[in-house]
Every structure is written in structure tokens, then in C-alpha cells.
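What follows is one structure encoded as C-alpha cells, with my remarks underneath.
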Amino acid sequence: MAFKTLNDLGDVAGKVALIRVDLNVPYADGRVSDDMRLRAIIPTVRELANRHAKILLLAHFGRPKGAKHSEMSLSMIVDPLQRLLEQEIMFVPEIYGPVVAQSIDILGNGDVAVLENTRFYPGEEENDPELAAAVAAHGDFYVNDAFSAAHRAHMSTEGLAHILPAYAGRSMEAELKALEAALGNPRHPVAAVVGGAKVSTKLDVLTNLVTKVDHLIIGGGMANTFLAARGIDVGNSLCEHDLADTALAILDAAHAANCTVHLPYDAVTAREFRANPPVRTVNVHEVAADEMILDVGPAAVEALADVLKICRTLVWNGPLGAFEIPPFDAATVALARTAAALTKEGSLVSVAGGGDTVAALAHAGVAQDFSFVSTAGGAFLEWMEGKPLPGVLALG
Ligand code: ADP
Ligand code: MG
């Protein structure tokens, strides 16, 4: 998809930039426990500050549902953000009106202000055109640097882009380019790894991927549903037996689309769901009635590594096993390391996303070796489902 970037902006000195960013960081007891999202917006803010724009940052924080809640004020994020930016930041307790106008008068070129939580206003989530017009009146142009909020058609993620000249920020641009390289216009063969607990949460992902990828690797709890649908007794494993027909339909669709589906043929099982219980490594046909499949087996992992070796592109969502509990992290860690090594060698473009997936890759120590790891959560999954993202469409 074509979209404008900061490269398409002319001289912005003295112009007011309304930048939608993601400031929705985990915050407790006066501190930000993970500042990844804050660090992600620094390149865009710094670039526009260096280009002497006046910068107004727009973001939501928590779920105040259209009312002012002081414990969800973005004023709390100003200090952590200004320390990362190494520049003083003004806080403005409104998102439009005279207070905002006066603040802009005070701001010098290259100065930065954070406006209040957009979700304090009911018109944010309603994407109210009147609110959008009131906010847009303060800006000369709009930049969206919050891919993670792009699956929502809200005032600050979508509405503003229809009123002001709209551009993707650097973080948004990097995310869109990585996703385009992974599924939009990828080098083939393409492999997808889909794991995690349940088929029911990833039906749309699976249905979309079978038409796009050459190899679909299914692991995690959801593989059990596919195995059971094929008549394999998965014992006491997590399994959605009522989705057997759905699983078979996905396998049929894959077959029709020339997509090879890889289900595990061996598994690591246990009778108890706890750290380091007695385990067995068995063929999937040999799971006992009181056992649970908690990880993909080592023989299957080796075969999956061979699949990745012939592929040029990989997109990964969902761990292959219950990776939080040793030793059921083994398959995820091994395959992630293979993907990382192939990426380093230059033979594979690897893109991964999803809350637990990011945690699993960090646990394997390879997150920085993937081509791109998306921290966008919901927006990443909707993109994997093939759904248009309103915040991205509005930039086109
Ligand atoms: P993501 O957050 O990356 O989208 P999911 O939330 O879909 O991933 O899946 C992660 C969860 O799946 C983890 O909590 C993991 O323990 C669980 N899981 C993976 N394999 C199994 C399994 N065989 N049995 C039970 N749970 C599993
Ligand atoms: Mg999850």
C-alpha cells in the first residue's frame, strides 16, 4: 500500500505537527515498567523537532471510556518520556480549545507537548467528526506513528487523517514495510508458524494464511485440535473437539491452495501442568489417556527446521508449546534459534508478533535477530487475519 512518510513533508519549521503515538505503557507505583513503546516514537519526535516543527503528541492511556479519570492522565507519562527524549516536554490538560491554542503560542520551534488522554473524550472512540475538526484546527499536518492502534477507527487514529495532510511516522513506516515484506509482497517460499493455546482465537488467522503461504506450521495447543480432527487420540490435552469440522475445513482449504500443513508427529507429554514434571517424548499416536501434549517433539522440530531452511520468508505468531513452563519451551526455543540463524545468514526474512510470541522470542534470546518483531498485539493479529486496518488505510 502506498502511503506518505516524513520524507514527503516539505519545510515544517514553525508548523504544528499533530502526532498520534502509543503512550499506553504498563504503569504502576509511579513508574513505567516497560518503556519499549516510548522508545519506539523517539525517532519521529526527534526528527520533527530537529526540523523545527512544533510538536503536539496525541495518545490514549487505559480505558477511561469517555470520562476524565485523573489516574489515567497522560501527565504521568511526561517525565519518563522527556528523560528518553532528552528534551523538556510540556503537558497540556486538554486536546482542543483555548488551552491548546495558548500552549501552541508558548511552544518554540522544535518544542514538544503531550496533550491529555484522547479517551477522556467520548468522541475519540466514536470517531466524532466534530471532535476531529476541533482537534485538527490546531495542526498543520498529522503524523500517525502508532501502528498498534491502527486497527481502531478512532478520532486520533483515523478521523484526523481525513482532515489534515497525513503521514506515516518512522515507527509506523518500519512496521508497514516489514509486514509488506512478510505477507504483502514476500519472497517465496513463505512459511507461517501459528501456535498458541486455541484454534478458536486464531480461526481467521489460519483461514487467511492458507491462501498466502506455502508452508503452514501448526503447533501449540491448537495443533491438538487438528490432530484430534484427524482421528488421533490426544488424551487429556487442551483440545477444542467441537472445532473438528472447522479444523478439517482449514486443512481442505490449505490443500486446495497448495499450502503444505505441518502438524507435529511427535510430542512431549506430561500428566501434570507444572515445572519439570516427569515427561515422555512420544509419537502423537502414543499419547496416553491421562497425558497432556505440552510441546512439539524433537523429531518434528528438526523437520520444521528443514522447512525453514528452504523458505525465504517466515511469519510467526504463537509459541509451539507451553513455553512459560520448563521443559515445554524447548521446541519454541529451538525453532526460534534456527529462524534467527537463517535470518543472520541472510537467507530468511523473519517477522513475528503477538504478546506471548514476543515473550517467547525474548526468552530464547533471539528477538533482536529476527528481521522484525511487532509489539502491536491486536493490530498485528488483525493484519495476520488479512483485515484492512483503518488507521493505515486512512494514510493512503
Ligand atoms: P500470542 O500472545 O503470541 O498471540 P497465544 O496467546 O495465542 O500467543 O498463545 C500463548 C499461550 O499458548 C501460552 O500461554 C502457552 O502456554 C499456550 N500453549 C502453547 N502450547 C500449549 C499446549 N500444548 N497446551 C496448552 N497451552 C499451550
Ligand atoms: Mg497471548
Side-chain angles (χ1 to χ4, degrees), residues 26 34 36 148 151 182 192-206 208-209 216-228 232-241 243 247 262-277 279-282 284 287-288 290-298 300-301 304 314-336 339 350-364 366-367 370 372-385 387:
D34 180 353
M36 187 159 49
S148 53
H151 56 315
V193 172
V194 182
K198 290 181 173 180
V199 172
S200 52
T201 61
K202 299 204 176 158
L203 272 179
D204 293 340
V205 171
L206 293 164
N208 181 42
L209 287 178
L216 177 61
I217 294 168
I218 301 178
M222 70 171 61
N224 303 334
T225 299
F226 283 87
L227 294 172
I232 293 171
D233 183 354
V234 296
N236 205 17
S237 303
L238 176 64
C239 181
E240 294 170 287
H241 291 284
L243 288 181
H262 302 265
L263 288 170
Y265 46 80
D266 64 342
V268 181
T269 66
R271 290 189 167 77
E272 303 151 79
F273 194 53
R274 64 169 170 88
N276 301 306
V279 298
R280 292 203 310 145
T281 298
V282 295
V284 290
V287 178
D290 61 348
E291 282 182 314
M292 292 174 282
I293 298 175
L294 291 171
D295 200 11
V296 170
V301 171
L304 296 177
L314 166 68
V315 42
W316 186 330
N317 169 258
L320 294 179
F323 76 100
E324 302 94 334
I325 305 174
F328 309 111
D329 56 341
T332 305
V333 168
L335 199 63
S350 52
V351 173
D356 291 292
T357 308
V358 174
L361 295 183
H363 168 72
V366 297
F370 270 56
F372 190 78
V373 176
S374 173
T375 55
F380 179 83
L381 267 187
E382 289 201 19
W383 165 78
M384 276 190 85
E385 290 167 356
K387 294 192 179 141

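Whatever order the structure lists them in is the order used to number ligands and atoms, beginning at 1.
Nearest protein heavy-atom contact of atom 11 (C) of ligand 1 is Ala197 N, 4.0 Å. The shortest contact between atom 15 (C) of ligand 1 and any protein heavy atom is with Glu324 OE1, 3.5 Å. Here the heavy atom of the protein found nearest to atom 22 (C) of ligand 1 is Gly221 N, 3.5 Å. The nearest protein atom to atom 6 (O) of ligand 1, hydrogens excluded, is given as Asp356 OD2, 2.9 Å; this is a heavy-atom distance.
Distances below 4.0 Å separate heavy atoms of Pro319 from the following atoms of ligand 1: 8 (O), 9 (O), 10 (C). Applying the 4.0 Å criterion to heavy atoms of Ile293 picks out, from ligand 1, the atoms 22 (C), 23 (N), 24 (N). Taking every heavy atom of Asn317 and a limit of under 4.0 angstrom, the matching atoms of ligand 1 come to 3 (O), 4 (O). Ligand 1 places these atoms under 4.0 Å from at least one heavy atom of Leu294: 23 (N), 24 (N). Listed by number with element, the atoms of ligand 1 under 4.0 angstrom from any heavy atom of Gly321 are 15 (C), 18 (N), 19 (C), 20 (N), 21 (C).
Listed by chain and number, the protein atoms of type N/O/S under 2.8 Å from the Mg ion (ligand 2) are Asp356 OD2; waters are omitted.
Inter-residue side-chain proximity for Phe328 and Ile293 is flagged as unmet; no heavy-atom pair is nearer than 4.5 Å.
The proximity of Lys202 to ligand 1, defined as any non-hydrogen pair under 4.0 Å, is limited to the side chain. Under 4.0 Å from ligand 1, the heavy atoms of Leu238 that appear belong solely to its side chain.
By the 3.5 Å distance cut-off applied to N or O atoms, Asn224 is not counted among the residues near ligand 1.
Residues meeting the side chain to side chain donor-acceptor pair (under 3.5 Å) test with Ser200, sequence neighbours left out: Glu240. Under the rule for a side chain to side chain contact (heavy atoms under 4.5 Å, CB included), the partners of Val194 that lie at least two apart in sequence or sit in another chain are Lys202, Val205, Leu206, Leu209, Leu216, Met222. The side chain to side chain contact (heavy atoms under 4.5 Å, CB included) check on Phe273 picks up Met292, Leu294, Ala322, Ile325, with sequence neighbours excluded.
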